[in-house]
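Since this is a predicted model, take the numbers as computed values, not measurements.
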Amino acid sequence: MASGVHVTERRLLGSWDHVIVGAGSAGCVLANRLSANPSNRVLLIEAGGSDNYHWVHIPIGYLYCMGNPRTDWGYKTAPEDGLNGRSLPYPRGKVMGGCSSINGMIYMRGQARDYDHWRQLGNPGWGWDDVLPLFCKSESHHSLGKPFHGRDGELRVEKQRLSWPILDAVREAAEELGVPRIDDFNSGDNHGSSYFEVNQKAGFRFNSVRAFLKPVRHRKNLTILSKAHAERISFSGMRATGLDFRLDGEAVHLQIKGELILAAGAIGTPQLLQLSGIGPAGLLSKHGIPVFHDLPGVGENLQDHLQIRTAFRISGADTLNERQATITGKARIALEYALRRSGPMAMAPSQLGIFMRSDERFATPNVEFHVQPLSLERFGEPLHSFPAITVSVCNLRPESRGSVRIVSPDPAVHPDIAPHYLSTQGDREVAVASITIARRLMRTERLRRYRPEEFKPGTEIQAPEDLARAAGDIATTIFHPVGTAKMGVDRQSVVDPNLRVHGIEALRIADASIMPTIISGNTHAPVVMIAEKAAQLMGY
């Protein structure tokens, strides 16, 4: 019986072989793979509504999906000491497709060393050589094939449909700093510069719904429910046997004959576990939730990529700032997209990537630059009126660890999200080095003709301690929370290498929360891989 809510108070929806919570990047993959066996009755539930919304599918629409209650949970972080007391919006997809419907569409796997490190932490079967075939299985790459890419999978990967000479110049400038131009970020070593490849098809977003769910919606053994908010798991002995949720506001209960798979993400998954009595005993007791299973790592180990947005005025080059500043400019942008599905409306949030080391003591690249032909005060606000570019940089492997903890037994109340950004000396040192490298990049001979003038954080800020504080003023999340139900064998781990929750039968997790350490890049492609691995572990 679920803690706090009696099954008899709810309408019984039936019994299912496999129930998947969350129709995001991972849940859509799992629904596809598990329902391939016609003898399985598979149920996929999603708290959000349909992805049938034009701003989901037009690439620039992420601007109108993040912060929009139609598509976003609307989370915020707690005030962060490392950000000088600021609280950040924390977008997470609440819509079919989850974060794959509102994210930056960048297809990035990380580095081979990321996955080899997972294996070394006591997770056999998760090294680079183990997971590379799973990345390839689901990939439909526009041109590249084996050994590093797949052509026959469902998830489309294409080049961006745009051209910005100023970005070409920045890429050439990076060569002056010893960063080579490369063609592929996804072969296991992403040292270099290149244009990001994206999950798009013919100028439209290609989310997990289009890739994995729509092709199999006709399967009679697959049921998909939207606006279904999971509230608590129920148990018989130490086995997960049921789920309570709200379906369009109605209290519903279902029974599970096989397995329950949580794919609700790094925020939703630990919250659901804690509401169900699985988590740190002290936290659960504090909120009046009976402790079903004391698992201290649930909600801990939160990691995220924090991007520091340095910005520079330029002259002598076209940027989006002035291109969109007039009604005529906006009309031309709209017309280009309407006729050719290209240009600014087809843009991912970031176009050019640069991976490098902030210091020689790092064996592989530890910082990632996202270079954009635009600038703005903060995400969601209008672009500046003057020509400028943004050179964002994030620490790929932060030392800081945060948490996701419930603040109420009410499932509708958002949890406390505390990433603890820049809480270690090492992270602050990388932040200072990142700003310094961005400045060096913009002082290269190749960029001299554009006369770059730094206005964020500002050339008057020079001392390391002042730069560290300035980083806290201008940094923001790049939307990659992971690790809150980490895989491993230590006391803080939540799942084993087979993704089964420690001490509980018939309960697995397959989303970004299982990452022991954050990967060195964007997170959508790795989450798709995790779902493929979960299906493989379940025999599919």
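Between the Asp114 side chain and the Gln111 main chain, a donor and an acceptor come within less than 3.5 Å of each other. Panel note: side chain Ser513, backbone Ala266; no donor-acceptor pair is recorded below 3.5 Å. With Ser101 contributing its side chain and Met96 its backbone, the two residues share a donor-acceptor pair below 3.5 Å. Between the side chain of Asn123 and the main chain of Trp126, no donor-acceptor pair closer than 3.5 Å is present. At least one donor-acceptor pair under 3.5 Å links the side chain of Thr77 to the backbone N or O of Leu88. No donor-acceptor pair closer than 3.5 Å links the side chain of Glu154 to the backbone N or O of Ala211. With hydrogens and angles ignored, the 3.5 Å screen pairs no side-chain donor or acceptor of Arg33 with any backbone N or O of Ala31. With Thr310 contributing its side chain and Val391 its backbone, the two residues share a donor-acceptor pair below 3.5 Å. Using a distance-only test at 3.5 Å, with no hydrogens or angles considered, no donor-acceptor pair links the side chain of Asn395 to the main chain of His305. A donor-acceptor pair under 3.5 Å is formed between the side chain of Glu176 and the backbone N or O of Arg446.
Met347 and Leu162 make their closest contact through CG-CD2, 3.2 Å (heavy atoms, listed as atom of the first residue, atom of the second, distance). In terms of heavy atoms, Tyr90 sits closest to Pro481 at OH-CB, 3.3 Å. In plain terms, the two heavy atoms of Ala263 and Gly27 that are nearest each other are CB-N, 3.9 Å. Between Ala510 and Leu30, the shortest heavy-atom distance links the atoms CB-CD1, 3.9 Å. The two atoms that bring Arg92 and Phe479 nearest to each other are NH2-O, 2.9 Å, heavy atoms only. The two residues Gly265 and Pro270 come nearest to each other via the heavy atoms O-CD, 3.6 Å.
In summary, of the residues considered (Ile224, Thr223, Ile256), a side chain to side chain contact (heavy atoms under 4.5 Å, CB included) with Leu43 occurs for Thr223 alone. Of the options Ile261, Val21, Thr269, a side chain to side chain contact (heavy atoms under 4.5 Å, CB included) to Ile509 is made by Thr269 and by none of the others.
The pair Arg156-Glu158 meets the salt-bridge criterion, with a side-chain N (NZ, NE, NH1 or NH2) lying under 4.0 Å from an Asp/Glu carboxylate O. The pair Glu259-Arg508 meets the salt-bridge criterion, since a charged nitrogen lies less than 4.0 angstrom from a carboxylate oxygen. Ionic pairing of Arg357 and Glu368 is not present here: no N-O contact between side-chain nitrogen and carboxylate oxygen is shorter than 4.0 angstrom. The existence of a salt bridge linking Glu175 and Arg181 is confirmed by a sub-4.0 Å separation between a basic side-chain nitrogen and an acidic carboxylate oxygen. Classification of Asp116 and Arg119 as a salt-bridged pair holds, one side-chain N sitting under 4.0 Å from a carboxylate O.
The shortest distance between side-chain heavy atoms of Asn366 and Asp359 does not fall below 4.5 Å. Side-chain contact between Val367 and Val430: present, with at least one pair of heavy atoms (C-beta onward) separated by less than 4.5 Å. A heavy-atom distance below 4.5 Å is not found between the side chains of Val494 and Lys486. Using a 4.5 Å cut-off on side-chain heavy atoms (C-beta onward), Leu507 and Leu273 make contact. Between Asn321 and Ser375, some side-chain heavy-atom pair lies under the 4.5 Å cut-off. Within the 4.5 Å cutoff, the side chain of Ile20 has heavy atoms near those of the Val42 side chain.
Ring geometry for Phe135 versus Trp128: interplanar angle of 30 to 60°, hence tilted. Trp73 and Tyr75 have parallel rings, their planes meeting at less than 30° on a 0 to 90° scale where 60° marks the start of perpendicular. Ring orientation note: the planes of Phe196 and Phe185 are tilted relative to one another, at an angle of 30° to 60°.
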Met345/Ile60 under side-chain contact (heavy atoms from CB on, under 4.5 Å): CA gap, chis, key distance, verdict = CA-CA 5 Å; Met345 289 186 68; Ile60 198 66; 4.2 Å; yes

Does the pair Leu177 and Leu441 meet the rule for a side-chain contact (heavy atoms from CB on, under 4.5 Å), with working shown?
-> CA-CA 7 Å; Leu177 302 186; Leu441 178 69; 3.9 Å; yes

Tyr115 vs Ile519, side-chain contact (heavy atoms from CB on, under 4.5 Å): CA-CA, chis, key distance, verdict | CA-CA 8 Å; Tyr115 303 98; Ile519 52 86; 3.6 Å; yes

Might you work through the side chain to side chain donor-acceptor pair (under 3.5 Å) test for Thr477 and Asp304, ending with a clear yes or no?
-> CA-CA 7 Å; Thr477 176; Asp304 190 16; 2.7 Å; yes

Could you please spell out the steps behind the side chain to side chain donor-acceptor pair (under 3.5 Å) verdict for His420 and Ser400?
-> CA-CA 6 Å; His420 296 164; Ser400 299; over 6 Å; no

May I have the step-by-step check of side-chain contact (heavy atoms from CB on, under 4.5 Å) for His370 and Ile106, ending in yes or no?
-> CA-CA 11 Å; His370 294 77; Ile106 292 173; 4.3 Å; yes

Applying side chain to side chain donor-acceptor pair (under 3.5 Å), run through Glu46 and Ser226 and close with a yes or a no.
-> CA-CA 5 Å; Glu46 165 58 41; Ser226 60; over 6 Å; no

Given the rule in the side chain to side chain donor-acceptor pair (under 3.5 Å) test, do Ser39 and Asn37 qualify, once you have shown the distances and angles that lead to the verdict?
-> CA-CA 5 Å; Ser39 65; Asn37 182 343; 2.7 Å; yes

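Residues forming a ring-ring contact (aromatic ring centres under 6.0 Å, His included) with His57 (at least two apart in sequence, or on another chain): none. Every residue meeting the side chain to side chain contact (heavy atoms under 4.5 Å, CB included) condition with Leu335, not counting sequence neighbours, appears here in chain and number order: Leu339.
Counting only N and O atoms by type, the side chains of Asn40 and Tyr540 include a donor and acceptor under 3.5 Å apart. Checking Ser25 against His524 by side-chain atom types alone, a donor-acceptor pair falls below 3.5 Å. Thr364 and Arg397 are linked by a side-chain donor-acceptor pair at a separation below 3.5 angstrom, with hydrogens and angles left out of the test. A donor-acceptor contact under 3.5 angstrom links the side chains of Asp168 and Tyr195, judged on distance only.
Within a 6.0 Å radius of CG in Asp152, no more than 12 heavy atoms belonging to other residues, nucleotides or ligands are found. Atom CG of Asp183 sits in a sparse spot, with 12 or fewer heavy atoms from other residues, nucleotides or ligands closer than 6.0 Å. The environment of Arg332 atom CZ is sparse: at most 12 non-hydrogen atoms of other residues, nucleotides or ligands sit within 6.0 angstrom. Counted within 6.0 Å of CG on Asn52, heavy atoms from surrounding residues, nucleotides or ligands total 12 or fewer; the atom is thus considered open.
Geometric assessment of Arg323 against the ring of Trp164 yields a positive cation-pi assignment under the 6.0 Å and 45° thresholds. Both cation-pi conditions hold for Arg41 and Trp16: the charged atom is under 6.0 angstrom from the six-membered ring centre and inside a 45 degree cone around its axis. For the pair Arg70 and Tyr53, the cation-pi test (distance below 6.0 Å, angle within 45°) is passed.
Taking the six-membered ring for Trp, Tyr107 and His141 have ring centres at least 6.0 Å apart.
Sorted by first and then second residue, the salt bridge (charged side-chain N to carboxylate O under 4.0 Å, His left out) pairs involving residues 194-221 (not counting sequence neighbours) form an empty list.
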